[in-house]
*Asks:* 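The structure's right below; bear with me while I get my questions together.
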Amino acid sequence: MDIHAKTALLGSEWTQNVRLSVTDGRVTALIPGAEPQAADLRVDTLLPALGNLHSHAFQRAMAGMTEVRAAGKESFWTWRTLMYRFLDRLTPEHVEAIAALVYMEMQEAGYASVGEFHYVHHQPGGAPYDRLSELSQRIFAAAGRTGIGLTHLPVLYTYGGVAQEPLAGGQLRFGNDVDRFLQLVDDCRAVLAQMPDDTGVGIAPHSLRATSPAELRVVLAEVPEGPVHIHISEQLKEVADVEAKLGQRPVAWLLDNAPVDNRWCLIHATHMTDAETSALARSGAVAGLCPITEANLGDGVFNGSVYLDHVGAFGVGSDSNVRISLTEELRTLEYSQRLRDMARTVLVPGEGSVGHTLYTGAARGGAQAQGRDAGEIAVGQLADLVAIDRNHPSLCALEDHQLLDGLCFAAPDTVVTDLWSAGRHMVQGGRHVARDGIIADYRKAMADLLADG
């Protein structure tokens, strides 16, 4: 397959009339200044597509159900209670239909891949399915149907809190001891032979409140390669509970007690001291940020300016999927910093374009977090590509050097015209190629769910 772009972002440079060849899902040739050939797919402006590094797909179906104030103060913890009630009604068929919708929406928004932080493993009440990996298999099926690149991250979730309380209620669907968790990981890896070559499996110890230091050490020893994702310091109560139990704040404890390096992604590294922030940046790990969800849940604001001053890697994810918008994640990340600091153009070290810093940084960080050969358009990299229409009114007046600022701060997601996930041309003319069937199946699943009361 050959693509001709009027303009393409190659590394940090805008290049005109780029002809690009894709073979077996990877970029095999780049020719700047080339004339289009008759058989070329022609696009306006070509960018590296981002990876969505953190998703709980099933929560998409909850969107709009938790925005009501009850007696008392609403918080992450009251939202979590409602989430447990909702997931207790989900069947494997619901999980697959929801995930397919979510992944389609991600691709139409410009994401070529997803890191699925998957923690719903069992039946309501906690009994395993006949096939331990039943619900993971449904995630693989949804990825296969949509063509999105998938890094599947089975979650180790052992306890109901940092004091090692037993699981209860909705948490029972999450629970595995270490041995059963490792079996689950093996079962998921066995599926890879049936999936595209760019599919991967990592691990996700849920958090320092849902597993123990001893279990964490065992799992890391048994799985020495591949992505490791962990929720780390999303809420002030979480920080206080971990400090009371382990003697350190979550980020500080993890950096001192685990081999944190570039295979790690710390999700919601929201509440950090400056010392923790600089130490995380130096570790080589990725800070996994989900600005829309973090705003929706009232989590707090990432220590972004200090982190970028220390050249920390970062990426973005859609987490609860209450809203799936790549551009809105990036602008919310920057706007949260502006509101906190009462300043403009915060997330750019020194001088330069904020949009360029946000977009290219998240492209590199998202790829790193997923263990994916992507993040830029280059020979040998996966063809994770997105084309946008710069003739859209939000972009048509901008020069090349302003384009990513316009994309991040002014444009709607509908500027996306085409998207390739490892060379699979899944969005064409702004629509996913399987859109109608996926939406029909989702509506059927939701009707079934609502019929159950």
Side-chain angles (χ1 to χ4, degrees), residues 52-60 80 83-84 86-88 90 92 95 98-99 102 114-124 126 128-129 131-140 142-143 150-162 164-189 191 200-213 215-220 222-223 226-234 238 250 254 258 263-268 286 288 290 293 317-321 369-371:
N52 182 326
L53 57 68
H54 189 68
S55 164
H56 309 304
F58 78 90
Q59 292 177 12
R60 177 64 174 146
R80 190 179 72 160
M83 183 266 288
Y84 290 163
F86 175 78
L87 71 86
D88 239 3
L90 297 179
V95 168
I98 296 167
V102 168
V114 61
E116 183 62 34
F117 196 101
H118 179 73
Y119 58 84
V120 186
H121 302 305
H122 309 307
Q123 300 178 61
Y129 289 97
R131 192 170 54 169
L132 181 60
S133 60
E134 173 67 31
L135 295 184
S136 287
Q137 303 272 358
R138 299 298 182 144
I139 298 299
F140 284 116
L150 173 67
T151 298
H152 189 58
L153 299 158
V155 170
L156 173 65
Y157 201 117
T158 315
Y159 302 111
V162 72
Q164 299 185 14
E165 300 96 322
L167 299 178
Q171 294 174 334
L172 293 170
R173 297 195 75 172
F174 313 159
N176 288 301
D177 60 21
V178 168
D179 288 342
R180 192 165 69 174
F181 172 72
L182 293 172
Q183 181 59 58
L184 174 64
V185 173
D186 286 344
D187 288 356
C188 290
R189 286 178 170 168
V191 181
V201 172
I203 58 170
H206 180 272
S207 59
L208 294 181
R209 55 187 163 83
T211 189
S212 71
E215 290 171 336
L216 184 59
R217 285 192 294 271
V218 171
V219 168
L220 292 173
E222 292 292 327
V223 188
V228 181
H229 289 215
I230 186 170
H231 291 138
I232 194 61
S233 58
E234 183 175 4
E238 177 181 20
L254 192 71
R263 69 188 284 231
W264 285 72
C265 181
L266 276 61
I267 305 296
H268 306 308
V286 176
C290 307
T293 293
S318 55
D319 193 357
S320 70
N321 297 301
Q370 292 184 64

*Asks:* Among all residues two or more places apart in sequence or in another chain, which pass the side-chain hydrogen bond (donor to acceptor under 3.5 Å, both in side chains) test with S136?
*Replies:* H152
*Asks:* So how far is it from I232 CD1 to C265 SG, rounded to the nearest 0.5 Å?
*Replies:* 11.0 Å
*Asks:* Indicate the atoms forming the closest heavy-atom contact of N52 with G317, along with that distance.
*Replies:* OD1-CA, 3.1 Å
*Asks:* Okay, side chain of S207, backbone of A210: is any donor-acceptor separation there less than 3.5 Å?
*Replies:*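 The answer is yes, because a donor-acceptor pair under 3.5 Å joins these two groups.
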*Asks:* Indicate whether any N or O donor in one side chain lies under 3.5 Å from an N or O acceptor in the other, for H56 and D319.
*Replies:*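 D319 and H56 do have a side-chain donor-acceptor pair below 3.5 Å.
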*Asks:* Can you tell me how far the CG atom of L172 sits from the NE2 atom of H121, to the nearest 0.5 Å?
*Replies:* 13.0 Å
*Asks:* Could you check whether any side-chain heavy atom of C290 comes within less than 4.5 Å of a side-chain heavy atom of H268, counting everything from C-beta outward?
*Replies:*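 A side-chain contact under 4.5 Å exists here.
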*Asks:* Could you check V155, V218, V162, L156 and say which one makes a side-chain contact (heavy atoms from CB on, under 4.5 Å) with T211?
*Replies:* L156
*Asks:* Is the backbone of E234 close enough, under 3.5 Å, to the side chain of E238 for a donor and an acceptor to pair up by distance?
*Replies:* yes
*Asks:* Go through L90 and I98 one step at a time and tell me if the side chain to side chain contact (heavy atoms under 4.5 Å, CB included) criterion holds.
*Replies:* CA-CA 10 Å; L90 297 179; I98 296 167; 4.1 Å; yes
*Asks:* Using every non-hydrogen atom in the two residues, find where L135 and P92 come nearest and quote the distance to one decimal.
*Replies:*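 Shortest heavy-atom separation between L135 and P92 comes out as CD2-CA, 3.6 Å.
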*Asks:* Go through the structure and list residues passing side-chain hydrogen bond (donor to acceptor under 3.5 Å, both in side chains) with T293, not counting sequence neighbours.
*Replies:* S320
*Asks:* Applying side-chain contact (heavy atoms from CB on, under 4.5 Å), name anything that partners P227, two or more places apart in sequence or on another chain.
*Replies:* T151, L153, H229
*Asks:* Where do Y157 and R209 come nearest, in terms of heavy atoms and distance?
*Replies:*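 Closest approach of Y157 to R209, heavy atoms only: OH-NH1, 4.4 Å.
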*Asks:* List for me each residue that meets side-chain hydrogen bond (donor to acceptor under 3.5 Å, both in side chains) alongside R60, sequence neighbours excluded, and say none if there are none.
*Replies:*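 Scan of R60 (side-chain hydrogen bond (donor to acceptor under 3.5 Å, both in side chains), adjacent residues dropped) gives E105.
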*Asks:* F181: what forms a ring pair (Phe, Tyr, Trp, His ring centres under 6.0 Å) with it, not counting sequence neighbours?
*Replies:*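 Not a single residue meets the ring pair (Phe, Tyr, Trp, His ring centres under 6.0 Å) criterion with F181.
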*Asks:* Set out, in order, the CA-CA distance, both residues' side-chain angles and the distance that settles side chain to side chain contact (heavy atoms under 4.5 Å, CB included) for I230 and L254, then state yes or no.
*Replies:* CA-CA 10 Å; I230 186 170; L254 192 71; 4.1 Å; yes
*Asks:* How would you list, by chain and number, every residue that makes a side-chain hydrogen bond (donor to acceptor under 3.5 Å, both in side chains) with E116, sequence neighbours excluded?
*Replies:*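 With neighbours one apart ignored, the set is S55, Y103.
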*Asks:* State, to 0.1 Å, how close A99 and I139 come at their nearest heavy-atom pair, and which atoms those are.
*Replies:*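 Taking A99 first and I139 second, the nearest heavy atoms are CB-CD1, 3.9 Å.
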*Asks:* Could you work out, with salt bridge (charged side-chain N to carboxylate O under 4.0 Å, His left out) as the rule, every residue matching R173, not counting sequence neighbours?
*Replies:* none
*Asks:* Check whether any side-chain heavy atom of N176 lies under 4.5 Å from a side-chain heavy atom of L182, and answer yes or no.
*Replies:* no
*Asks:* Quick one: list whatever passes side-chain contact (heavy atoms from CB on, under 4.5 Å) with R131, sequence neighbours left out.
*Replies:* S133, E134, Q137
*Asks:* Measure centre to centre between the rings of H231 and F117, then say whether the value is under 6.0 Å.
*Replies:* yes
*Asks:* So, for P154 and V201, which heavy atoms are closest and what is the spacing to 0.1 Å?
*Replies:*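 Where P154 meets V201 most closely, the heavy atoms are CD-CG1, 4.1 Å.
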*Asks:* Tell me, please, which residues at least two apart from D177 pass side-chain contact (heavy atoms from CB on, under 4.5 Å).
*Replies:*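 D177 satisfies side-chain contact (heavy atoms from CB on, under 4.5 Å) with D179, R180 only.
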*Asks:* Go through the structure and list residues passing salt bridge (charged side-chain N to carboxylate O under 4.0 Å, His left out) with E222, not counting sequence neighbours.
*Replies:*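 Salt bridge (charged side-chain N to carboxylate O under 4.0 Å, His left out) check on E222 returns nothing, list empty.
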*Asks:* For residues L216 and P205, report the shortest heavy-atom separation together with the two atoms involved.
*Replies:*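 Heavy atoms only, the tightest pair is CD1-CG, 3.6 Å.
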*Asks:* For Y159, enumerate each residue passing the side-chain contact (heavy atoms from CB on, under 4.5 Å) test, keeping only those at least two apart in sequence or located in another chain.
*Replies:* Q164, S212, E215
*Asks:* Do V120 and V95 come close enough that some side-chain heavy atom pair is under 4.5 Å?
*Replies:*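 Contact flag for V120/V95 side chains = no.
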